[in-house]
Amino acid sequence: MLNRYARAAMTRILTPLAKLFLRLGISPDVVTIVGTLGVCFGALGFYPRGEFFWGTIVITLFVFSDTLDGNMARLSGRSSVWGAYLDSTLDRVGDSAVFGGLVLYFAGHGHNLLMAGLALTCLILGSVVSYSKARAEGLGMTANVGIAERSERLVAVLVTTGLVGIHWLHLPMAVLGVVLALLALASLVTVFQRMLTVRRQALGAAK
């Protein structure tokens, strides 16, 4: 639900920018690639140094490209299987960079292996969540279920990390730890939900 309403709102806001880029001859694929590079720069350039607030600001600015490129493709009538594939693949790269940046910080300057482990668990399970759906679709089935969709996971970790990075708020790092633990649990539940959904379809098809 959050994903649907958020995308609808952002699409309306970004439509003028999408039209401008198209007039300038910029393709949706270029926006997708630049957006991913920006997210990786924000996550891997700032998070490992403990600069959570500015890293989150940079990431958030480039995350909007995920909606912008799709809007451009629809406006130009150039929506394609390749574009969808590129977008989905690079989304995984960006998500991994966000959690990877947290892993690097807590395993290094942060000196907190528990937090590093939680961030790494979120990274791994987030990839499995995406793969479980993609593999199901590759086998001709669906797995559109789960309590931890990509957008919800990303919003939760970015908002919390950004707030923890605002020093005058004095939010304890434990707040981020709780969010990471909940995201890991929600991702694990989502994996099992999708596995059970695919299992029911597979057994039903075998009858």
Side-chain angles (χ1 to χ4, degrees), residues 1-12 14-15 18 27-40 43 59-60 62-101 103 119-158 180 182-207:
M1 182 178 293
L2 172 63
N3 188 32
R4 183 171 67 251
Y5 290 122
R7 279 186 175 275
M10 289 310 304
T11 295
R12 289 194 296 272
L14 294 175
T15 293
S27 76
D29 288 352
V30 170
V31 173
T32 301
I33 294 170
V34 171
T36 301
L37 291 175
V39 169
C40 291
I59 293 168
T60 301
F62 284 100
V63 158
F64 290 138
S65 67
D66 188 44
T67 300
L68 181 61
D69 57 6
N71 199 4
M72 290 173 64
R74 285 189 293 274
L75 289 172
S76 64
R78 290 187 292 178
S79 297
S80 65
V81 173
W82 160 247
Y85 173 82
L86 179 67
D87 188 56
S88 296
T89 301
L90 294 187
D91 279 350
R92 306 290 86 75
V93 174
D95 294 355
S96 297
V98 170
F99 288 104
V103 172
L120 181 59
T121 301
C122 288
L123 191 161
I124 295 170
L125 289 176
S127 297
V128 177
V129 167
S130 299
Y131 177 79
S132 62
K133 180 179 179 179
R135 183 57 177 158
E137 292 174 346
L139 294 172
M141 293 177 279
T142 60
N144 297 318
V145 297
I147 62 173
E149 292 290 343
R150 173 183 178 262
S151 58
E152 283 80 0
R153 298 197 308 273
L154 195 59
V155 168
V157 71
L158 288 180
L180 290 175
L182 291 175
L183 287 177
L185 178 61
S187 297
L188 182 62
V189 171
T190 298
V191 170
F192 279 109
Q193 286 178 304
R194 292 183 172 181
M195 289 176 67
L196 290 174
T197 298
V198 172
R199 182 176 184 273
R200 283 195 294 270
Q201 294 175 68
L203 294 177
K207 292 181 180 179

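Worth knowing before you read on, the calculation uses all heavy atoms, side chains too, and leaves out hydrogens, waters and symmetry mates. Count residues from 1 along the sequence.
Between Phe99 and Leu123, the closest heavy-atom pair is CB-CB, 3.8 Å. Here the shortest heavy-atom pairing between Ser65 and Gly35 reads OG-CA, 3.2 Å. Ala184 and Leu125 get closest at one heavy-atom pair: O-CD1, 3.3 Å.
One distance of note links CG of Leu185 with OG1 of Thr121; it measures 11.5 Å at 0.5 Å rounding. Atoms CG and CH2, from Leu86 and Trp82 in turn, are 4.5 Å apart once rounded to the nearest 0.5 Å. The OG1 atom of Thr190 lies 7.0 Å from the CZ atom of Arg153; values are rounded to the nearest 0.5 Å.
Scored by the side-chain hydrogen bond (donor to acceptor under 3.5 Å, both in side chains) test, Thr32 finds Asp69 as partners (sequence neighbours excluded). Qualifying side-chain contact (heavy atoms from CB on, under 4.5 Å) partners for Asn71, counting only residues two or more places apart in sequence or in other chains: Thr11, Thr15, Ala18, Arg74, Leu75.
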N/O donor to acceptor pairs below 3.5 angstrom from side-chain atoms of residues 133-148, sequence neighbours left out:
residue	atom	partner	partner atom	Å
Lys133	NZ	Asn144	OD1	3.2

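Side-chain N or O atoms of Ser132 include one that pairs as donor or acceptor with a backbone N or O of Val129 at under 3.5 Å. Using a distance-only test at 3.5 Å, with no hydrogens or angles considered, a donor-acceptor pair links the side chain of Ser76 to the main chain of Ala73.
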Derivation and outcome, side chain to side chain contact (heavy atoms under 4.5 Å, CB included), residues Phe62 and Val34: CA-CA 8 Å; Phe62 284 100; Val34 171; 4.2 Å; yes
Intermediate values then yes/no, side chain to side chain contact (heavy atoms under 4.5 Å, CB included), Val93 and Cys40: CA-CA 8 Å; Val93 174; Cys40 291; 3.9 Å; yes
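If you run side-chain contact (heavy atoms from CB on, under 4.5 Å) between Leu203 and each of Gln201, Arg200, Arg199, only Arg199 comes through.
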